[in-house]
Amino acid sequence: MTASSIPASSLRGHGARLTIDLAALGENWRRLVDAAGSETAAVVKADAYGCGIPRVAPALWAAGCRTFFVAHLSEAAAARAALPPEAVIYVLNGFPPGSAGAYRALDVRPVLGSREEIAEWAQAGEGAPAALHVDTGMNRLGLGPDEALALAGGPLLSRVAPALLMSHLVSAEVPGDPITARQAGSFARLRAAFPGVPASLANSSGVFLGESVRHDLARPGYALYGGNPTPGRPNPMRPVVRLEAEIAQIREVGPGETAGYNARWTAPGPRRLATLSLGYADGFPRAASNRGEALVGGVRCPFVGVVSMDLVILDVTEVPVEALRRGAPAVLIGDALDLDTVGRNAGTIGYEILTGLGSRYDRRHLDEAGHRAPG
Ligand SMILES: *Cc1c(COP(=O)(O)O)cnc(C)c1O
């Protein structure tokens, strides 16, 4: 993706650039539709996993997506503002007491997960559609399966219009985990008790688990943004996010010299170091200290020492000197450093890397033609 590599000093005063490829995002949604074999929604919570609801939601709509999930009402407001009025928007985290009017005003749907929520929506929701969330194993949000079965066809539910019956998988990214089969069985029994109500079980990884978790609506998030929904196997998604920083300075150190705060790295011999203008204040985790990597001139370069607030130090000794100059780009996410690798290098998962990416970057969205999207 040379279109986004950084020409010298093009960062307009930022330390690093985050490029979000909206064409790849749309392509990923279409790939997920093919894999799911059902209607496919998009999860755009957490500001579209850090990629920006105002750009991401319309790009997904343009690709054909019609149903969106967020976590909070404020995110639903951002999605509503970015989408045509026909877009269906669900708010996953239920709804706080007294907020039904706000949901109605935005024309967004709560995901109801308790008797109390159902009763409040029945009263204040004026018969507007909502989803029912049944907890089949997470013990986090949702009605218990027995509770849901007891409510099915009863008077309380006759006063709300369940437009969707959903549950969430505990271990979708671990193929063969027996809990998935238990959840799938439990969910199949539940859906039989709610005839005519569309059902939704699969997240990104669930889309690749086949028939047993396939229902009427898939709910992928992470895979849309390029995360690998099939860990341990090749990533069927296109990369969407690219993070590049400029080299601020290059220096030579001798054996025994240290680098960074608290001298947590010692040069084993003569080494060449490059300092990048990016740090944990940008959302790049400090946990990547002494174990993260960046690509300079295509060469994997290890982080040395601790990640500072605004700076990272790389060992660039293996990089051909022609590729090393002040202002040269280093890739933190992209090419060989996919989201999942970056997550692993920081002792976490790609999801956390993605959703943590800060607001300090020069952010660019690329449109279908690979050009900088206007705005
Ligand atoms: C976040 C979330 C999703 C999307 O999960 P991914 O693993 O990102 O695809 C789907 N359903 C629920 C209930 C969620 O909270």
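One-based numbering, in listed order, for ligands and for the atoms of each.
- Ring-plane geometry between Y225 and Y49 is classed as parallel, the angle between the planes falling under 30 degrees on a 0 to 90 degree scale with a further cut at 60.
- Taken to the nearest 0.5 Å, the CG atom of D340 stands 11.0 Å off from the CG atom of N345.
- Here the closest non-hydrogen pair linking V307 and P285 is CG2-O, 3.9 Å.
- A salt bridge links E244 with R242: the distance from a Lys NZ or Arg NE/NH1/NH2 to an Asp or Glu carboxylate oxygen falls below 4.0 Å.
- With a 4.5 Å cut-off between side-chain heavy atoms of Ile, Leu, Val, Met, Phe, Trp and Tyr, the cluster of I313 takes in V253, W265, L273, V304.
- No option in L332, L243, I20, D47 other than L243 meets the side-chain contact (heavy atoms from CB on, under 4.5 Å) test with L357.
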Any protein N or O within less than 3.5 Å of an N or O in ligand 1? List each pair with its distance, or say none.
from, atom 1, to, atom 2, distance (Å)
ligand 1, 7 (O), N203, ND2, 2.9
ligand 1, 7 (O), Y351, OH, 2.5
ligand 1, 8 (O), Y49, OH, 2.5
ligand 1, 8 (O), Y222, N, 2.8
ligand 1, 9 (O), S204, N, 2.8
ligand 1, 9 (O), S204, OG, 2.5
ligand 1, 9 (O), G221, N, 2.8
ligand 1, 11 (N), H168, ND1, 3.4
ligand 1, 11 (N), R219, NE, 3.0
ligand 1, 11 (N), R219, NH2, 3.1
ligand 1, 15 (O), K45, NZ, 2.7

